[in-house]
Amino acid sequence: MSDEKQLSLFDLPVNDDSEEVLTSAQTNFIPKDAKIPIPAGTYLSMTQLAKHCNECYRCELGASRTHAVVGRGNLQANLMIIGEAPGQHEDETGLPFVGRSGQLLEKILASVGFNSEQDIYICNINKCRPPENRVPTPQEIAACKPYLLEQIRLVDPKVILLTGATSVKALTGNKSAISKIRGTWIEWEGRLCMPIFHPSYLLRNPSQEKGSPKWLMWQDIQAVRAKLDEL
Ligand code: URA
């Protein structure tokens, strides 16, 4: 056997996070119809999932995106934060919560000692920006939901924070007003979730008076900190 042939016996599929082996059915086929599910267990890594999100046209938002916004932070975090959908800055950078809402979210997290890169994984219900930042439609949410469910499976967080009523409804089906359910623990698929106000709501309501949205957020984030310290 030639040296070259013998050496080729050492060839293995590259098995780092970016190149894990998928079947051709998985790599080549993203169902275009939102009603066709993407089964749990499809993705071996977040890198594979992100690649598919950037090639996805399961809904019309794919046509206008600059980047799919998949997530940022620690892939093994105990705490996951799920927002609604990317805005302009997120679409431009490919990173969730990097605009004004994101800056406020960072401050809220830092106030109880969370570091968004180390302690948290942040993502959204929808990976592509809706035009004019409108609320994603039920069809757009359904089309994107399998990616979110895979993200939750891969990160396996102990606690999930859902920012705003759209995120709560999209993940859990709970249609309650956010002012009614924020700060309460709800169980979804065996996981502990807390609805919280969306940071953009706090930007529109800057009062810090007792009972104001910002004051309530301060109560909620302290409860989240205490829960994670206890778990
Ligand atoms: N609002 C969201 O819900 N998500 C983002 O990523 C940015 C703003």
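Ligands are counted one by one from 1 in listed order, and the atoms in each one are counted from 1 as well.
The aromatic rings of Tyr43 and His52 lie perpendicular to each other, with more than 60° between the two planes, well past the 30° mark.
For the pairing with Leu149, the side chain to side chain contact (heavy atoms under 4.5 Å, CB included) check across Gln151, Arg153, Lys145 returns one residue only, Lys145. Of the residues listed (Thr163, Ile82, Thr166), the one engaging Ile125 in a side chain to side chain contact (heavy atoms under 4.5 Å, CB included) is Ile82, and it is the only one. For the side chain to side chain contact (heavy atoms under 4.5 Å, CB included) criterion with Leu161, the lone passing option out of Leu105, Asp220, Ile120, Ile196 is Ile196.
Considering backbone and side-chain atoms together, Pro96 places no N or O closer than 3.5 Å to any N or O of ligand 1. Residue contacts with ligand 1: Phe97 is placed with a nitrogen or oxygen under 3.5 Å of a nitrogen or oxygen of the ligand (distance criterion only). The N/O atoms of Asn124, backbone and side chain alike, include one that comes under 3.5 Å of an N/O atom in ligand 1. At least one N/O-N/O distance between Glu84 and ligand 1 falls below 3.5 Å.
Within the listing of ligand 1, atoms 3 (O) sit less than 4.0 angstrom from a heavy atom of Gly83.
Look at His89 and you'll find every heavy atom at least 4.0 Å from all atoms of ligand 1. Contact annotation: Gly99 has no heavy atom less than 4.0 Å from any atom of ligand 1.
Given atom 1 (N) of ligand 1, the protein heavy atom at minimum distance is His198 NE2, 3.3 Å. At the top of the distance list for atom 2 (C) of ligand 1, counting protein heavy atoms only, stands Ala85 O, 3.2 Å.
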Open item on the list: Does Val224 form a side-chain contact (heavy atoms from CB on, under 4.5 Å) with Phe114? I'd like the steps, not just the answer.
Closed with: CA-CA 10 Å; Val224 172; Phe114 288 130; 4.3 Å; yes

- [ ] Begin with the C-alpha distance, continue with both residues' side-chain angles, and end with the deciding distance and a verdict on side-chain contact (heavy atoms from CB on, under 4.5 Å) for Tyr147 and Ile30.
- [x] CA-CA 11 Å; Tyr147 297 125; Ile30 304 168; 3.3 Å; yes

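Among residues at least two apart or in separate chains, side-chain hydrogen bond (donor to acceptor under 3.5 Å, both in side chains) pairs with a member in residues 99-109 are Arg72-Glu106, Glu106-Ser116.
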